[in-house]
Amino acid sequence: MAVQTVAGNATTASVDLGPAVALSCRECGERFELGPLFACASCFGPLEVAYDLPAGDPEELRKRIEAGPDNIWRYAPLLPVPADVAEKPNLNPGFTKLVKADNLARELGVTGGLYVKDDSGNPTHSFKDRVVAIAVEAARAFGFTTLSCSSTGNLAGAVGAAAARAGLRSCVFIPHDLEQGKVVMAAVYGGELVGIEGNYDDVNRFCSELIGDPLGEGWGFVNVNLRPYYGEGSKTLAYEICEQLGWRLPDQIVVPIASGSQLTKIDKGFQELIRLGLVEDRPYKIFGAQAEGCSPVSAAFKAGHDVVRPQKPNTIAKSLAIGNPADGPYVLDIARRTGGAVEDVNDEQVVDAIKLLARTEGIFGETAGGVTVGVTKKLIEAGVIDPALTTVVLNTGDGLKTLDAVSATSQATATIKPSLDAFRAAGLASA
C-alpha cells in the first residue's frame with residue numbers, strides 16, 4: 001500500500017517519531033515504513049506502531065519518567081512522538097487523577113482496593129485528548145494541513161481543540177443526532193463540523209471514501225489513516241495507572257468498548273511496561289464493558305464466538321455506539337487470554353451507575369462511565385470480578401456532556417419561598 005500523497009510531505013526517511021521505527025501488521029507481521037497507512041497491503045490486517053524501546057536500567061527509566069511533565073509527554077520515550085514534543089503547541093493531556101474510591105467500594109462490597117481513573121479531567125473532558133495528541137504529531141510529521149475524524153462526539157471536540165492549538169484546519173464528521181452538548185463542544189473551536197444522516201458506522205464509511213478521493217488530499221483522519229499512531233495514546237492510561245499505583249499492575253481493570261482500541265492498547269501498555277522491567281510481571285485481568293443496546297463484542301464473548309457480528313446501535317451511551325467495532329476480535333482475545341470477560345448493562349443500569357458514582361465519589365461521569373461502573377457492579381454480583389483484588393474502573397468522560405441521560409431524575413429537591421418557615425415546611429431541616 002502506497003503512502004498517501006501529501007503536498008510538501010516529508011519523506012518517510014526524514015520522519016521523526018521518536019522510538020517508532022515501522023508499522024507492523026497485527027495479523028501477518030509484515031512491516032512497512034512509517035507513513036499514513038492503516039491496513040496491510042498483503043492481508044488487509046490492521047497496522048500498529050513498532051518500536052525500538054529504550055533498553056537499560058529500569059530504575060533510571062522510572063526516574064526519567066517521573067522527572068517529566070505532568071502529562072502524557074512524561075512517557076515520550078515510549079510513544080511515537082519526537083523527543084521535543086512537550087515544547088510544541090498542544091493540549092498536553094493526561095496524568096489525570098486515579099481516585100481511591102472507598103465509598104463506592106463499600107457500596108459494591110470491594111475489599112481489595114477500588115480505584116476510578118477519571119479522565120474527565122482532560123482538556124476537552126474525555127480520554128480522546130490522549131489519542132488526538134499523538135495523532136497530531138503524526139499529522140505534523142507527514143505534512144497534513146487538515147485534521148479530521150469520524151466521531152460519536154468526544155473525538156470531534158478533541159480534534160477541534162487540538163487542531164486550533166496546533167494551528168491546523170479541522171473538519172470533523174458526526175452522526176446527525178448526537179447529544180447537543182457534544183455538538184456545541186465540537187463546533188465552538190471554529191473548525192467545520194458536519195453532521196451525517198445515519199449512525200457512526202455510516203459516518204466512518206463516508207470518511208473512508210473521502211480519504212481515497214482528491215477532496216481528501218492533505219487530510220489526516222486521526223482514526224483512519226492516522227489510526228496506528230492515534231491508538232497509541234490509549235497506552236498512556238496503562239502507564240499512568242501503573243505509575244500511580246506505585247509502579248505495579250492492577251489485578252483487574254474494567255474498560256469501556258466502542259471500537260475496542262482503548263482496551264487493546266491498555267493491554268499493550270501493560271505488556272510494554274513488563275518487558276521494560278518497569279513493573280513486575282504478574283497476572284492481570286481485563287474486562288470489557290458495553291451498553292446492551294450496542295453490545296456486539298459482549299454478545300460474541302458470551303456465545304464463545306471469535307467473530308463479532310455487527311449490531312445497529314440503540315442506547316443512551318452514544319459515545320460507545322459503534323455497531324461494527326474494528327478491534328472487537330482482538331478484545332475477545334485479550335479478555336480470554338487474561339481471564340477477564342466482556343459484559344453489558346441496559347440503559348436503566350447505566351443511569352443508576354452514573355448516579356451511584358456521583359453519589360459515592362463526587363464524580364459525574366458520562367454514559368460510558370455509567371457503563372463501566374454498571375458492568376463492574378454486575379460482574380461483582382455475579383462472582384466474576386474478585387472483590388478482594390485491586391480493581392481499576394475507567395471513567396472516560398464528563399457527565400456534563402450527556403445531561404439528557406440523567407436530567408429526568410436529577411432535579412431540585414424542592415422549590416420554596418425565601419423563608420425559614422418555608423424551609424421547615426418542606427421537611428428538609430433535619431434531612
Side-chain angles (χ1 to χ4, degrees), residues 104 107-108 110 114 116-117 127 152-154 175 179 199-201 234 252-264 266-267 285-357 365-387 391-397 399 402 404-406:
L104 180 60
E107 289 269 349
L108 300 182
V110 174
L114 180 64
V116 175
K117 181 60 171 170
F127 92 95
T152 57
N154 284 327
E179 301 99 333
N199 59 32
Y200 173 81
D201 297 298
S234 289
Q252 305 168 135
I253 184 168
V254 185
V255 183
I257 299 171
S259 71
S261 175
Q262 182 184 71
L263 187 149
T264 64
I266 286 175
D267 179 63
K285 295 182 180 181
I286 298 184
F287 298 88
Q290 293 205 286
E292 185 180 283
C294 186
S295 54
V297 187
S298 175
F301 181 87
K302 292 175 182 179
H305 295 162
D306 295 325
V307 176
V308 177
R309 302 181 69 174
Q311 294 181 357
K312 185 175 182 179
N314 182 22
T315 173
I316 61 171
K318 293 183 179 180
S319 62
L320 304 182
I322 297 180
N324 189 17
D327 283 84
Y330 303 106
V331 169
L332 294 174
D333 291 342
I334 290 167
R336 289 166 179 156
R337 170 174 57 79
T338 64
V342 185
E343 185 54 271
D344 56 79
V345 285
N346 61 37
D347 284 354
E348 182 180 353
Q349 291 169 313
V350 172
V351 172
D352 288 346
I354 292 171
K355 296 172 74 173
L356 173 63
L357 179 61
E366 70 160 13
T367 48
V371 169
T372 53
V373 173
V375 164
T376 301
K377 181 175 184 292
K378 186 174 182 178
L379 290 179
I380 290 172
E381 291 171 349
V384 178
I385 286 181
D386 187 343
T391 305
V392 174
V393 179
L394 298 193
N395 174 51
T396 53
T402 56
D404 289 351
V406 294

Given side-chain contact (heavy atoms from CB on, under 4.5 Å), test Asp327 with Leu263 step by step and report yes or no. CA-CA 9 Å; Asp327 283 84; Leu263 187 149; over 6 Å; no
side-chain hydrogen bond (donor to acceptor under 3.5 Å, both in side chains) between Ser234 and Gln262, intermediate numbers included: CA-CA 5 Å; Ser234 289; Gln262 182 184 71; 4.8 Å; no
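The two residues Ala317 and Val371 have their closest heavy-atom pair at CB-CG2, 4.0 Å. Across every non-hydrogen atom of Phe301 and Ala335, the tightest pair is CE1-CB, 4.1 Å. Across every non-hydrogen atom of Leu320 and Ala289, the tightest pair is CD1-O, 4.4 Å. When all heavy atoms of Gly323 and Asp201 are compared, the closest pair comes out as N-OD2, 3.1 Å. Gly288 approaches Ile257 most closely through the heavy-atom pair CA-CD1, 3.5 Å. When all heavy atoms are compared, the tightest approach of Gly370 to Ala353 is O-CB, 3.2 Å.
A 6.0 Å sphere centred on CG of Asp333 holds more than 12 heavy atoms belonging to other residues, nucleotides or ligands.
Gln311 places no side-chain N or O within 3.5 Å of a backbone atom of Gly293 that could act as its donor or acceptor partner. Thr402 contributes no side-chain N or O that, together with a main-chain N or O of Glu366, makes up a donor-acceptor pair within less than 3.5 Å. A side-chain donor-acceptor contact under 3.5 Å links Gln349 to the backbone of Asn346. The main-chain N or O of Ser319 is found under 3.5 Å from a side-chain atom of Thr152 such that the two form a donor-acceptor pair. A donor-acceptor pair is defined here as one N or O able to donate and one able to accept, closer than 3.5 Å; such a pair exists between the side chain of Thr372 and the backbone of Leu394. Of the possible donor and acceptor atoms, none in the side chain of Asp404 sits under 3.5 Å from a partner among the backbone N and O of Val406. Side-chain N or O atoms of Gln252 include none that pairs as donor or acceptor with a backbone N or O of Ile385 at under 3.5 Å.
Val308 is listed as a side-chain neighbour of Pro325, based on a closest heavy-atom distance under 4.5 Å. Within the 4.5 Å cutoff, the side chain of Thr391 has no heavy atoms near those of the Ile380 side chain. Within the 4.5 Å cutoff, the side chain of Thr264 has heavy atoms near those of the Val331 side chain. In this structure, Gln290 and Pro296 have side chains that are in contact, with non-hydrogen atoms separated by less than 4.5 Å. With contacts defined as side-chain heavy-atom distances shorter than 4.5 Å, the pair Asp352/Leu356 does not qualify.
Salt bridge annotation for Arg337-Asp267: present, with a cationic side-chain nitrogen under 4.0 angstrom from a carboxylate oxygen.
By the side-chain hydrogen bond (donor to acceptor under 3.5 Å, both in side chains) test, Lys312 is found to be paired with no residue, residues two or more places apart in sequence or in another chain being considered.
Residue pairs that meet the side-chain hydrogen bond (donor to acceptor under 3.5 Å, both in side chains) test with at least one member in residues 296-309, sequence neighbours left out, are Ser298-Asp344, Lys302-Glu343, Lys302-Asp344, Asp306-Arg336.
Once rounded to the nearest 0.5 Å, the distance linking CD1 of Ile354 with CD1 of Ile316 reads 5.5 Å.
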